[in-house]
Each structure stands twice: as structure tokens, then as C-alpha cells.
Amino acid sequence: MATVRNLKIKTSSCKRIVKELHSYEKEVDREAAKTADMKEKGADPYDLKQQENVLAESRMMIPDCRKRLEASLADLKGTLAELEEANEKEGPEFEDARSTITEVEKLFQTTEA
């Protein structure tokens, strides 16, 4: 049985994963710039290889984070629907959940386009 408390938890989880995704995207940009700078300056091949590995690991985290966000979003939508069926539709938690769902869906639309 879904509760308002579960809704708050799932909403917060979605928000946290969105922040994490943005953090990984920034990290990839930062590491890519660092790698390009190292190549430009003719850094040691071993150091360059290590930096490329760091960049590859950062890039691998983005698809994983997106999968977790999709699962979290589906979970949030299910909980919200379950509570709405039980005629609980009012309150700041519900508005927060709806706005989070809208925000995450926009994020997916902009990255797919």
C-alpha cells in the first residue's frame, strides 16, 4: 500500500538521481577538457592513458544513471497513481511529485532529441 511518506521518498530519490546525472555530465566535460589539454601539451603517454581511462569510466556512469532514473521515475508514477486511486490527491507532496515527473520527462525529451 502506497503512503504519502513513500511518495516523498520516491520523489526525493528521483531528484537525487537527476542531480547525480548532471554531476556525471559535468564531470565528463571537465575530464574531456583535461584530456584534450594533456594531449595538446604532449603529456607522458602513461599519464594520458590513465586520464583516458578516467574519462571512459565517467562516460560509462551516464547510461547507468539514466537507467536508474527511468526505474525511479516509473516507481514514482506508480506510487502517485496508486495514491490517486485511493482518493488522496491533495497536498504539497503531490505537487512536488508531479513537478518532479514533469522535470524528469523534459530531461529525457531533450536528451533524446
Contacts of Ser58 meeting side chain to side chain donor-acceptor pair (under 3.5 Å) (sequence neighbours excluded), chain-then-number -> Glu27

Could you measure the distance from the CG atom of Leu21 to the NZ atom of Lys26? Nearest 0.5 Å is fine.
11.0 Å

With rounding to the nearest 0.5 angstrom, report the CG to CD1 distance, Leu107 to Ile17.
12.0 Å

Closest heavy-atom pair, Leu76 versus Cys14, reported as atoms and distance to 0.1 Å, is CD2-SG, 4.0 Å

Phe94 CZ to Leu83 CG distance, which is reported to the nearest 0.5 Å
4.5 Å

Quick one: list whatever passes side chain to side chain donor-acceptor pair (under 3.5 Å) with Glu95, sequence neighbours left out.
Arg98

Decide whether Val54 and Leu48 are clustered together by the hydrophobic rule: side chain heavy atoms of Ile, Leu, Val, Met, Phe, Trp, Tyr closer than 4.5 Å, transitively.
no

Treat each ILVMFWY residue as a node, draw an edge where side-chain heavy atoms are under 4.5 Å apart, and state whether Phe108 and Leu80 are in one component.
yes

Contacts satisfying salt bridge (charged side-chain N to carboxylate O under 4.0 Å, His left out) that involve residues 50-60 (not counting sequence neighbours) are Lys39-Glu52

Non-hydrogen atoms of Leu55 and Val28 that approach each other most closely:
CD1-O, 3.6 Å

Taking side chain to side chain donor-acceptor pair (under 3.5 Å) as the definition, give me every residue that meets it alongside Asp29, ordered by chain and number, with sequence neighbours left out.
none

Kindly indicate, with the supporting measurements, whether the criterion side chain to side chain contact (heavy atoms under 4.5 Å, CB included) is fulfilled by Asp64 and Tyr24.
CA-CA 11 Å; Asp64 174 61; Tyr24 282 125; over 6 Å; no

Where Glu93 and Leu7 come nearest, the two heavy atoms and their spacing:
O-CD2, 3.9 Å

State the CG-NZ distance between Asp75 and Lys10, to the nearest 0.5 angstrom.
4.0 Å

Picking from Glu70, Glu105, Glu82, what satisfies salt bridge (charged side-chain N to carboxylate O under 4.0 Å, His left out) with Lys77?
Glu105

If I take atom OG1 from residue Thr11 and atom CD1 from residue Ile101, how far apart are they, to the nearest 0.5 angstrom?
7.0 Å

Contacts of Lys8 that satisfy side chain to side chain donor-acceptor pair (under 3.5 Å) - sequence neighbours left out
none

Could you list all the salt bridge (charged side-chain N to carboxylate O under 4.0 Å, His left out) pairs where at least one residue sits in residues 15-25, not counting sequence neighbours?
Lys15-Asp96, Arg16-Glu20, Glu20-Arg68

